[in-house]
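This one's a predicted model, so the numbers in the text were calculated from it and none came from an experiment.
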Amino acid sequence: MPPVRVRFAPSPTGYLHIGGARTALFNWLWARKEKGTFILRIEDTDRERSTTQSVQAILDGMKWLGLDWDEGPGVEGPHAPYFQTQRLAIYEKSADELIAKGRAYRCVCTKEELDKLREQAAKEKRGFKYPGTCRDRGIPKGTKGAVVRFRMPDEGATAFRDLVKGEITTQHKELQDEVILRADGVPLYNFGAVVDDVTMEITLVARGDDHIVNTPRQILMYQALGYPVPVFAHLPMILGADKQRLSKRHGAVSVLQYRDDGYLPHALLNYLARLGWSHGDQEIFSPGELVEKFDWEHVGATAGVFNPEKLLWLDQQWIKRTPLPELAAHLEPLLAARGVKADPERLRNILPLVLERAKTLVEMADQIVTFFRTGVSFDEAAAKKNLTPETRPLLEEARKLVAERIGEGAPALEAGFRDLAARKGLGLGKVAQPVRVAVTGTTVSPPLFETLVLLGRDESLARIDAAISRIGG
RNA sequence: GGCCCCAUCGUCUAGUGGCCUAGGACGGAGGCCUCUCACGCCUCAAACAUGGGUUCGAAUCCCGUUGGGGUCACCA
């Protein structure tokens with residue numbers, strides 16, 4: 001068996017979206033598992049819609065996810081260039097070959113003429129098919145405005161065995177002579193993809209199942225060109241909650257949006273992999289495990305609904321599993337955006353405290369900043385309920401306790417507070433809650449005693465004092 | 001509409017003819033733990049779309065129906 005060569009071939013007409021990312025992921029996984037080659041090819045033949053910003057956005061998305069490519073933009077390789085618009089000569093040569101073989105021909109029918117016929121057919125509720133007007137006219141190379149059409153066989157059928165969908169057969173009478181090369185030499189999708197997959201020696205094509213209809217046509221082109229046909233794997237669509245194909249209407253669909261929303265790339269990778277693929281009952285997979293365990297047998301054939309809540313859960317799981325230094329690195333830009341330049345050593349001590357109660361990095365950052373600021377802003381409702389003349393004596397005693405024993409560590413502080421509560425005939429919660437509000441401004445926080453210790457003596461006392469004076473009286 | 005694909009809890013899925021009284025996960029409900037919030041743990045509710053076959057036996061194989069999706073460009 002020849003070495004595995006797979007590719008992800010996005011068209012740069014927007015950001016890298018969830019569906020594209022999953023296609024890229026499955027290709028990447030297969031390449032890495034088989035020690036093959038993963039190629040990134042930019043299909044920028046739609047000159048109207050392709051932009052360099054989109055190319056950059058796709059590259060950035062891939063990099064953030066850790067889907068590194070062995071050949072493609074930036075790394076090049078033996079089949080460079082990897083932008084289709086830079087490969088025009090190759091398509092022209094292939095098209096000429098096809099014409100010489102009688103498998104394609106030049107055509108001067110205008111789009112306007114054809115659109116008219118199409119409209120007419122629609123009005124009469126008939127299917128439209130290119131009538132083959134130019135099939136045998138022998139229009140020569142160089143004719144102004146001439147496109148190249150592929151000549152589809154009139155009879156018979158083409159079948160292939162898809163790795164996820166199984167046997168798929170298409171009758172040739174369903175096919176029509178489609179344009180493969182525009183007058184300006186820019187290829188259309190089916191042709192460009194085939195020529196590139198051939199020249200780049202692609203062995204397996206994994207893409208969205210919206211391409212199933214294209215596959216028989218492409219197979220016919222491989223055959224006409226005299227090349228071996230790769231294996232195909234058509235991945236089911238990703239749907240929104242309304243079971244419609246996932247789109248902007250469904251909210252966040254850009255991979256980089258998830259980065260900005262505080263998701264870990266491993267979490268998104270994990271989620272995307274499990275959406276359409278499974279390995280028994282296992283839910284959590286590191287990228288390494290994915291590479292090790294991925295297989296086509298367990299890729300499902302059913303379209304899947306994107307479930308943001310499960311992704312959120314996975315993110316939380318990955319926050320808990322990510323090594324602290326790595327987590328700190330992910331957090332750094334978020335903290336910087338909040339005006340905090342965190343001392344690494346201190347941050348490392350704080351992380352374990354907030355890690356358990358955050359589902360995203362954004363939530364974590366929001367919980368961390370209080371440790372690096374002086375003073376606190378009070379949640380009105382929390383203050384009103386907990387910072388009252390009744391709790392003032394408690395706060396004063398708590399202050400004394402903190403002043404005396406904070407140096408002994410969190411367990412000692414806790415013992416002291418339990419003592420205090422017992423003396424007052426109260427539960428620990430009754431004493432701790434006002435102090436929590438005093439120190440954090442809210443009723444929700446990491447464990448109080450650890451929080452105090454991490455805040456340090458001076459800041460803890462300052463905050464308690466501020467709370468007491470807020471009560472006044 | 002033609003053609004193609006798909007069909008297990010609300011969602012992601014396990015299941016490849018007997019191990020299925022259909023398993024896991026998210027979400028939901030209840031509980032335990034507890035200084036708050038989380039985490040964790042326990043329990044519960046929740047599905048084989050439908051009708052025919054094939055077979056000793058079907059969630060698993062075949063056919064129809066229904067439902068959903070895709071595609072019908074000089075877009076990809």
* Would you name the heavy atoms of S54(A) and P12(A) that are closest together and state the gap between them? => CB-O, 3.1 Å
* Test item: E155(A) and K173(A) side chains (from C-beta on) under 4.5 Å apart, heavy atoms -> no
* To do: Looking at every strand, decide which applies to S278(A) at a 4.0 Å heavy-atom threshold: base, sugar-phosphate, or nothing.
  => sugar-phosphate
* **Quiz item: E283(A) side-chain donor-acceptor pair to G24(B) base, under 3.5 Å** => yes
* Q317(A) vs G40(B): side-chain N/O to OP1/OP2 distance below 4.0 Å -> yes
* Whole-Å P distance, A59(B) and C9(B) -> 15 Å
* Asked: What is the base-pairing partner of G2(B), counting Watson-Crick and G-U wobble geometry with both distances under 3.5 Å?
  -> U71(B)
* Asked: Where along nucleotides 71-76 of chain B does protein come under 4.0 Å, by heavy atom, of base (B) or sugar-phosphate alone (S), with - for untouched nucleotides?
  -> S-SBBB
* N307(A) side chain: which of G24(B), C35(B), U11(B) is closest? -> U11(B)
* Structure fact -> Those residues at least two apart in sequence (or on a different chain) that pass side-chain contact (heavy atoms from CB on, under 4.5 Å) with K359(A) are L312(A), Q316(A), E363(A)
* **Whole-Å C1' distance, G31(B) and G67(B)** => 40 Å
* To do: Taking atom C1' in both A7(B) and C48(B), compute the distance separating them and give it to the nearest angstrom.
  => 10 Å
* Flag this pair as yes if the NZ/CZ of R87(A) is under 6.0 angstrom from the six-membered ring centre of F83(A) and inside a 45 degree cone about the axis; otherwise no. => no
* What is the nucleic acid contact for L275(A), judged by heavy atoms within less than 4.0 Å: base, sugar-phosphate only, or nothing? -> sugar-phosphate
* For C6(B), take OP1 and OP2 only and decide whether either is under 4.0 Å from a side-chain N or O of H234(A). => no
* Structure fact -> As its Watson-Crick or G-U partner within any shown strand, both distances under 3.5 Å, U54(B) has none
* To do: State, without any angle test, whether D242(A) and H250(A) hold a side-chain donor-acceptor pair at a distance under 3.5 Å.
  => yes
* Can you check whether K320(A) has a side-chain N or O nearer than 4.0 Å to OP1 or OP2 of A38(B)? -> no
* Sort and list the pairs that fulfil ring pair (Phe, Tyr, Trp, His ring centres under 6.0 Å) and have at least one residue in residues 149-172 of chain A, not counting sequence neighbours. => F160(A)-F232(A)
* Answer with yes or no whether R357(A) presents, from its side chain, a donor or acceptor under 3.5 Å of a partner atom in the base of C39(B). => no
* To do: Return yes if the base of G23(B) and the side-chain atoms of D281(A) contain a donor-acceptor N/O pair under 3.5 Å, otherwise no.
  => yes
* Asked: How far does the C1' atom of C26(B) sit from the matching atom of A47(B), given to the nearest Å?
  -> 16 Å
* **Span that lies between the C1' atom of A14(B) and that of A76(B), in whole angstrom** => 35 Å
* Asked: Is any side-chain heavy atom of L204(A) closer than 4.5 Å to a side-chain heavy atom of P230(A)?
  -> no
* **Gap in Å between the two P atoms, one belonging to G2(B) and one to C62(B), rounded** => 24 Å
* Atom P, compared across G23(B) and C33(B): separation rounded to whole Å -> 29 Å
* To do: Taking the side chain as every heavy atom from C-beta outward, state whether D46(A) and S11(A) have any atom pair closer than 4.5 Å.
  => no
* Gap in Å between the two C1' atoms, one belonging to U16(B) and one to U21(B), rounded -> 22 Å
